[in-house]
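Here is the structure we will look at, set down as structure tokens.
Residue numbers start at 1 and run along the sequence shown.
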Amino acid sequence: MSNEIEIGRGKRARRVYTFDEIGVVPTRRTRDPELVSTAWSIDAFHFDIPVLGAPMDSVMSPESAIALGKLGGLGVLNLEGLWTRHDDPETLLADLAKITDEAAALQRMRELYSAPIKPELIRDRVGQIRDSGVTVAGALSPHRTAEFTETVVKAGVDMFVIRGNTVSAEHVSREGREPLNLKQFIYELDVPVIVGGAATYQSALHLMRTGAAGVLVGFGGGASSTTRATLGIRAPMASAIADVAGARSDYLDESGGRYVHVIADGGLGTSGDMIKAVACGADAVMLGGALAKASDAPGRGWHWGQEAHHEELPRGRRVPVDQVAPLTEILNGPANVADGSANLVGALRRAMATTGYSELKEFQRVGLVYAER
């Protein structure tokens with residue numbers, strides 16, 4: 001049966017699904033949550049929990065990246081954010097948190113993010129994380145990657161993330177601007193690269209063929225994004241993850257056994273969303289708003305992404321978030337709320353136990369149901 005529907009006589013659209021429209025189905029077997037493993041590995045790096053902290057200034061500072069690393073996840077620092085533009089971003093973040101007027105906050109963010117990126121600050125921030133003993137990951141947008149890659153690699157990152165609203169293996173650039181050749185770039189780099197976002201089977205397959213170790217799935221679906229309203233672009237995450245997981249499976253055969261990790265990025269507001277992302281085929285999740293709710297998050301009760309202060313076309317906003325609990329309780333509990341905003345990993349472990357699965361890759365095979373709202 002075709003999943004296309006007719007919008008009008010001249011246009012058809014594909015039927016796709018959000019997390020809210022699907023559910024995980026229990027099996028006949030259950031197990032104790034203590035017998036469940038949430039560990040995963042990418043390249044040579046092992047992690048106890050499948051959680052990456054999104055490279056957003058409201059989510060990850062050097063200190064919070066270190067804290068997430070010690071809790072078994074991977075913090076990804078935004079290498080073109082306030083931490084690499086200003087010597088004392090803590091004071092700036094504290095002052096920014098006091099501004100409640102949206103227009104005034106936008107203007108102030110544009111001022112703060114117009115300061116130049118300082119290579120020595122990239123070196124110092126990466127070094128601070130490295131000195132703590134956790135795995136180090138930093139992110140740049142596609143148009144900044146070529147400019148600062150050498151600085152980032154020399155600073156000592158273990159993993160490099162190229163993250164944008166969408167990242168393609170083929171980008172057409174205007175005359176005078178050399179586009180990033182992803183395949184050549186990844187081939188020449190000595191560290192594993194995670195790229196994204198991608199939201200379709202074909203775009204993900206192209207990214208996998210560049211040699212990426214992981215592909216981020218998502219396009220403007222996060223809590224602070226207004227991409228859907230400003231650009232009319234939307235990629236419901238349940239279908240997007242399943243499509244990219246399908247590309248991963250086909251590329252595994254095409255490449256003769258090379259496994260590329262699928263990382264859900266965006267629209268993951270609760271533990272239930274995180275669980276469904278893995279059930280749809282994700283190996284791990286990149287969390288933004290969910291971690292911005294930590295009482296020790298650098299955003300201090302606010303959350304925003306790079307798009308929020310774009311100089312020409314903002315496609316995001318700074319949004320207030322409830323400060324639920326410290327980061328350790330957001331991830332591992334105990335939860336003092338019942339809305340899925342705390343003890344995210346505990347919820348994942350219990351869902352896996354309830355459905356009878358002991359490892360993440362097994363849980364990707366769990367049955368799903370569709371319930372029309």
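Heavy-atom minimum distance, Ala213 versus Pro192: CB-CB, 3.9 Å. Nearest heavy atoms, Ala212 versus Val195: CB-CG2, 3.7 Å. The minimum heavy-atom distance between Arg108 and Leu96, with the atom names listed, is CG-CD1, 4.0 Å. Heavy atoms only, all atoms of each residue included: Gly211 and Ile186 are closest at O-CG2, 3.5 Å. Considering every non-hydrogen atom in both Ala198 and Leu207, the closest pair reads CB-CD1, 3.9 Å. The minimum heavy-atom distance linking Gly288 with Val59 is given by the pair O-CG2, 3.4 Å.
Counting heavy atoms from C-beta on, the side chains of Lys293 and His303 never come closer than 4.5 Å. For the pair Val260/Tyr251, a side-chain contact is recorded, criterion being any heavy-atom separation below 4.5 Å from C-beta on. Counting only heavy atoms from C-beta outward, the side chains of Phe45 and Leu74 never approach each other to under 4.5 Å. Counting heavy atoms from C-beta on, the side chains of Ser249 and Glu254 never come closer than 4.5 Å. Between Leu121 and Trp83 the shortest side-chain heavy-atom distance does not fall below 4.5 Å. Residues Asn343 and Ser271 have side chains not in contact (no heavy-atom distance under 4.5 Å, counting atoms from C-beta outward). Side-chain contact between Ile42 and Phe47 is present, with at least one heavy-atom pair separated by less than 4.5 Å. No side-chain heavy atom of Ile162 sits less than 4.5 Å from a side-chain heavy atom of Leu140.
The hydrophobic clustering, which links ILVMFWY residues whose side-chain heavy atoms are closer than 4.5 Å, places Val136 and Ile66 together. Grouping the Ile, Leu, Val, Met, Phe, Trp and Tyr side chains by contacts below 4.5 angstrom, directly or via other members, places Val345 with Leu52. The hydrophobic clustering, which links ILVMFWY residues whose side-chain heavy atoms are closer than 4.5 Å, places Leu82 and Trp302 together. Leu205 and Leu252 are assigned to two separate hydrophobic clusters, defined by single-linkage of ILVMFWY side chains at heavy-atom distances under 4.5 Å. Met208 and Tyr187 sit in two unconnected hydrophobic clusters of ILVMFWY residues. Membership requires side-chain heavy atoms under 4.5 Å apart, directly or through other members.
Heavy-atom neighbours of Asp250 CG from other residues, nucleotides or ligands within 6.0 Å: above the threshold of 12. Atom CZ of Arg258 has more than 12 heavy atoms from other residues, nucleotides or ligands within 6.0 Å. The number of heavy-atom neighbours closer than 6.0 Å to NZ of Lys361, taken from other residues, nucleotides and ligands shown, is above 12.
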For residues 328-340, run the donor-acceptor check on the side chains, cut-off 3.5 Å, and write out each pair with its distance to 0.1 Å, sequence neighbours left out.
{"from": "Asp339", "atom 1": "OD1", "to": "Ser341", "atom 2": "N", "distance (Å)": "3.1"}
{"from": "Asp339", "atom 1": "OD1", "to": "Ser341", "atom 2": "OG", "distance (Å)": "2.6"}

Practice task
Take Leu112 and His86 through the test side chain to side chain contact (heavy atoms under 4.5 Å, CB included) and record every step on the way to the result.
Solution key: CA-CA 8 Å; Leu112 294 176; His86 299 278; 4.2 Å; yes
Practice task
Mind running side chain to side chain contact (heavy atoms under 4.5 Å, CB included) on Val278 and Tyr357 for me, showing each step along the way?
Solution key: CA-CA 12 Å; Val278 178; Tyr357 295 92; over 6 Å; no
Exercise for the section: Before giving the answer on side chain to side chain contact (heavy atoms under 4.5 Å, CB included), spell out for Leu327 and Ser295 the whole-Å C-alpha distance, their side-chain angles and the decisive distance to 0.1 Å. Expected result: CA-CA 7 Å; Leu327 177 63; Ser295 56; over 6 Å; no
Handout entry: Chi angles and distances behind the salt bridge (Lys or Arg N to Asp or Glu O under 4.0 Å) call for Lys70, Asp48
Key = CA-CA 10 Å; Lys70 291 184 175 179; Asp48 293 333; over 6 Å; no
Practice task
I would like to know whether Arg318 and Glu102 meet side chain to side chain contact (heavy atoms under 4.5 Å, CB included); could you show each step before the answer?
Solution key: CA-CA 8 Å; Arg318 192 188 67 141; Glu102 186 173 348; over 6 Å; no
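Between Asp158 and Arg130 there is a salt bridge, since a side-chain N of the basic residue sits under 4.0 Å from a carboxylate O of the acidic one. Ionic pairing of Glu4 and Arg14 is not present here: no N-O contact between side-chain nitrogen and carboxylate oxygen is shorter than 4.0 angstrom. The existence of a salt bridge linking Lys11 and Glu6 is excluded, since no basic side-chain nitrogen approaches an acidic carboxylate oxygen closer than 4.0 Å. With salt bridges taken as basic N to acidic carboxylate O contacts below 4.0 Å, one links Glu90 and Arg300. The pair Glu120-Arg123 does not count as a salt bridge, with every side-chain nitrogen at least 4.0 angstrom from each carboxylate oxygen. Ion pair Lys118/Asp124 not flagged as a salt bridge, since none of the NZ, NE, NH1 or NH2 atoms sits closer than 4.0 Å to an Asp/Glu carboxylate oxygen.
A donor-acceptor pair is defined here as one N or O able to donate and one able to accept, closer than 3.5 Å; no such pair exists between the side chain of Arg163 and the backbone of Ala139. Looking at Ser239, its side chain never comes within 3.5 Å of a backbone N or O of Pro236 through a donor-acceptor pair. No donor-acceptor distance shorter than 3.5 angstrom exists from the side chain of Asp273 to the backbone of Phe19, with no hydrogens or angles considered. When atom types are taken as modelled, the side chain of Thr27 and the backbone of Thr355 share a donor-acceptor pair closer than 3.5 angstrom. Between the Gln107 side chain and the Ala104 main chain, no donor and acceptor come within less than 3.5 Å of each other. Checking side-chain atoms of Asp32 against main-chain N and O of Leu35 turns up no donor-acceptor pair under 3.5 Å. A donor-acceptor pair under 3.5 Å is absent between the side-chain atoms of Arg31 and the main chain of Ala353, judged by distance alone. At least one donor-acceptor pair closer than 3.5 Å links the side chain of Thr84 to the backbone N or O of Leu79.
For Lys276 and Tyr17, the positive end is not near the middle of the six-membered ring at less than 6.0 Å and at most 45° from its axis.
Under 3.5 Å, the side chains of Arg248 and Tyr259 contain a donor-acceptor pair of N or O atoms. Between the side chains of Ser114 and Glu111, no donor-acceptor pair of N or O atoms lies under 3.5 Å. Counted by atom type alone, Ser358 and Glu362 present one or more donor-acceptor pairs between their side chains at under 3.5 Å. Counted by atom type alone, Asp283 and Gln364 present one or more donor-acceptor pairs between their side chains at under 3.5 Å.
Atom CG of residue Asn78 and atom OG of residue Ser61 lie 12.0 Å apart, to the nearest 0.5 angstrom. The structure places CG of Leu360 at 6.0 Å from CG of Leu348, a figure rounded to the nearest 0.5 Å. Ser141 contributes atom OG, which lies 9.5 Å from atom CD of Glu147 (distance to the nearest 0.5 angstrom). Rounding to the nearest 0.5 angstrom, the gap separating the CG atom in Asp57 from the CD atom in Glu80 is 10.0 Å.
Residues Trp40 and His261 bring their aromatic ring centres within 6.0 Å. Note: Phe185 and Phe160 meet the aromatic proximity criterion, with ring centroids under 6.0 Å apart.
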